[in-house]
Amino acid sequence: MKTFVVPGDWRSWVPVAPESHFPIQNLPYGIFSTRDGRPARVGVAIGEFILDTGLLHDAGLLDGPDVFSADTLNPLMSLGRGAWTALRQRLAELLRDSEPVLRDDERLRARVLVPMADATLHMPVHIGAFVDFYSSEQHASNVGRMFRDPERPLLPNWKHLPVGYNGRASSVVGSGTDVIRPCGQTVTSNEGPPSFGPSRQLDFELEVGFFTGADNPLGDTVAEDQVDDFVFGLVLVNDWSARDVQRWEYAPLGPFLAKSFATSISPWVVPVDALLPFRVPGPEQDPTPLPHLQTALPWHFDVQLEVAIQTDRATKPQRVCRTNFRHMYWSLAQQLLHQASNGTNVQVGDLYASGTISGPDPDSYGSMLELAWRGERPIAIEETGETRVFIHDGDRVLMSGWAQGAGFRVGFGELCNRVAPARVR
Ligand code: MN
């Protein structure tokens, strides 16, 4: 058995509300610490608790090397697909309501189940490489329509390969980290001249990313039947973007400083196995991709996604976008096949982000650039009477996502970052 899907009718002895993102069908991995002074370590989310896998291993309830005391998921990921599947199955069995080993051991249970409210979540993965794609047809068309040719918004390559660029891995941060408004060159006319200062068009991009958990040496490619071995799990990604900087700097090599100041990811890495029951066919691809980008299995997923903004003056977030991961044109498998098709190396801890996920409706667009349509349709913040075209200092951007099962949700939790003022010298 390569993958392990927790049956939909399994329930845990840990109480899990129907709207919780962390039922027994999910079991996402994260890195957490508590105020007890012990170092950050690997945990698994279940309901409103974190299962301390290091203590479970110490108690003899988990096999294999102790990858659980590490402060990143990389050692666990490095064990490979067989170990991921076995661990996932073991965790599900230990947490299942019919399994007494942990359920009935009150002392051990009290030690290994940490209330999420008492824990701090850390960056889950040491990221060696970060690639960002551009794989939503609606997003690419919206941007092409705004800035290039309304009649032919997509460039000729777009439907033949998943367009992407190599991003900056070292500035990927976690939920809760402030995003500092970047400074950069901006222009008032396309011809320049530029001036230097804080970006006035700071934007979010709603994306879903996947982590690879296997290595591929230089020269080797990846085949479709290896995708399971490479894809460890998924997170929400906010690809923060300074639109005014981007517009001036991007020609002809693509984004550089407009995006490298920060990218944020959600704290829990949802195993790809948890999303397999939510596989859906992608859109029909016309023209048919070249053979090395064709996949027999669907690698699209029905995951509902939301973005909300909470301004400094507001007491609660306001939803500004509702969309779905299934709207992607290129699937994550096609992105991985494409990435590896030239023989570049894939490594444990690489992050591949989908590109902004926009749906067909105006409230399903995954960036402020599109939601407010380049400033023409400001978004009203109902609670405070403010409006937003881009993101202001003090605003919080919240992203959330989940797949809806029968009586449970397989979710990503929340990704939230506040924007701090630029550091102008
Ligand atoms: Mn992006």
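Indexing begins at 1, ligand by ligand and atom by atom, following the structure's order.
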Would Arg90 and Phe4 count as a cation-pi pair here, with the cationic atom under 6.0 angstrom from the ring centre and within 45° of the axis? no
Near the Mn ion (ligand 1) (under 2.8 Å) - protein N, O or S atoms: Asp132 OD2, Glu205 OE1, Glu207 OE2, Asp239 OD2
When every non-hydrogen atom of Arg11 is compared with those of Ala406, the smallest separation belongs to NH2-O, 3.8 Å
Examine the side chains of Asp395 and Thr311 and answer whether a donor and an acceptor come within less than 3.5 Å of each other. no
Gln294-Gln285 side chain donor-acceptor pair, cut-off 3.5 Å: no
Arg38 versus Thr34, side-chain donor and acceptor atoms under 3.5 Å: no
Side chains of Asn324 and Asp302: any donor to acceptor distance under 3.5 Å? yes
